Amino acid sequence: MKNIYFIGECMVELRAMSAATLHQSFAGDVYNSAVYLKRCFPQVTTSVVTALGQDNLSKKMLERFESEQINTQLVFAHDTKVPGMYYIETDEHGERSFIYWRNDSAAKKVVDFLDADALEQLSQGDMFFFSGISLAIIEESAREDFWKVVKQLKDAGVKIVFDPNYRARLWNSVEETKEQYHLAFTFADITLPGVEDLTTLYDVHSVEAVVEYLKPYQIEEIVVKNGPESVVTKEGDTLQSHTIIPVTNVVDTTSAGDAFNGVYLGARLSDKSISSAVQLAAKAAGTVIQQPGAIAPKDIFQLAMAE
Ligand code: ADP
């Protein structure tokens with residue numbers, strides 16, 4: 001049985017439904033990816049590695065993970081901290097705005113919980129995934145320890161997977177981000193960047209420029225996402241361009257990239273070729289953006305994937 005670990009943060013989501021009503025759910029890039037991977041590839045053991053609190057919302061979040069068949073052995077409960085939260089509102093023109101309360105979240109402490117037992121378990125995985133958001137939320141004081149964990153896992157033969165998922169507001173400076181991303185690209189066996197994410201950081205404006213930028217790194221598998229335009233992959237020296245069928249009824253693009261990542265990695269762990277993994281991942285992402293919110297209803301998602 002194949003095994004993947006997603007380290008990072010899942011938050012409490014509050015969505016404004018009307019002036020007086022908020023809808024509460026849970027979302028966060030690594031969690032979203034884990035959900036979509038597991039829904040498409042139930043035979044792959046899919047774990048989220050994070051820290052929550054001891055509060056009722058943390059308990060509900062844990063229950064939600066379990067209801068999505070996500071392995072929670074490495075979901076830790078911090079004594080005093082609580083989960084991060086965000087509020088999302090869509091105006092009359094369809095523009096979304098967000099407010100976050102995540103600066104003191106339990107997830108920032110996740111590295112502190114990675115003891116010898118946890119490392120032993122992680123070392124037996126096939127893949128270890130983190131994103132630029134995971135890197136940004138891990139406390140600065142824990143970064144050195146985080147990179148030690150990554151090195152140890154890579155040495156143990158676990159494939160290191162990185163999606164840059166750049167969120168400027170989570171970083172102190174561009175220099176800090178670049179320093180961390182340099183380490184991430186150095187360790188990565190697979191990377192799944194979006195063109196837009198890297199434009200601000202490295203002044204790269206096309207899939208070709210992203211591939212060129214990543215050339216000096218020893219990354220086995222590069223998957224460049226570019227919205228509805230195309231996906232370009234590079235495995236060894238083999239470059240492939242994959243056509244994406246644009247979706248016309250786009251409702252909410254939240255988690256398109258997350259769904260893509262989860263399903264792509266699930267497919268690769270299930271021995272699918274790069275091109276069929278891209279097609280499945282693009283189908284999942286295209287389905288998710290036709291639904292509001294990060295997590296599409298399971299029945300609608302499964303039905304669309306079965307077509
Ligand atoms: P991110 O959400 O990380 O910024 P993208 O915007 O590149 O990533 O989208 C991720 C994937 O979602 C794309 O590779 C594509 O497969 C799918 N996707 C995004 N927008 C569309 C669209 N309008 N029509 C169809 N598929 C889309």
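Here the structure is a predicted model, which is why all the values come from computation and not from measurement. Note that ligands are numbered from 1 as they come in the structure, with each ligand's atoms numbered from 1 the same way.
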Between V49 and L114, is any pair of side-chain heavy atoms under 4.5 Å apart?
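Heavy-atom side-chain distance check passes, below 4.5 Å.
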
4.5 Å side-chain heavy-atom contact, I4 and D126
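Not in contact.
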
Salt-bridged, K151 to D155, with N to O below 4.0 Å?
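Salt bridge between K151 and D155, a charged N being under 4.0 Å from a carboxylate O: yes.
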
Numbering as shown, the atoms of ligand 1 that approach [X] to under 4.0 Å (heavy-atom distance):
X    : value
A282 : 16 (O)
I245 : 25 (C)
V231 : 14 (O)
P246 : 24 (N), 25 (C)

Quick check: [Y] with [X] (ring centres under 6.0 Å apart)?
X    : Y    : answer
Y36  : F301 : yes
Y5   : F128 : no
F6   : Y31  : no
F146 : F130 : yes

How far is [atom] from the closest protein heavy atom, and which atom is that?
atom                    : result
atom 17 (C) of ligand 1 : A285 CB, 3.6 Å
atom 21 (C) of ligand 1 : I289 CD1, 3.4 Å
atom 6 (O) of ligand 1  : G227 CA, 3.6 Å
atom 23 (N) of ligand 1 : P228 CB, 3.5 Å

For N226, which part has a heavy atom under 4.0 Å from ligand 1: side chain, backbone, both, or neither?
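Under 4.0 Å from ligand 1, N226 contributes backbone atoms alone.
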
Between I244 and ligand 1, find which residue part has any heavy-atom pair under 4.0 Å and reply side chain, backbone, both or neither.
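Just the side chain.
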
For ligand 1, find out whether one of its N or O atoms is nearer than 3.5 Å to an N or O atom of V247.
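There is such a contact, yes.
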
Answer yes or no: does an N/O atom from G257 fall short of 3.5 Å to an N/O atom of ligand 1?
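Right, the criterion is met.
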
Protein heavy atoms: any of them under 4.0 Å from atom 4 (O) of ligand 1?
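No, because not a single protein heavy atom sits under 4.0 Å from atom 4 (O) of ligand 1.
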
Any sub-3.5 Å donor-acceptor pair from K108's side-chain atoms to I137's backbone N or O?
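The answer is yes, because a donor-acceptor pair under 3.5 Å joins these two groups.
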
Donor-acceptor pair, distance only, cut-off 3.5 Å: does the side chain of N226 make one with the backbone of S230?
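Not at all, since once roles are kept as given, no pair shorter than 3.5 Å links the two residues.
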
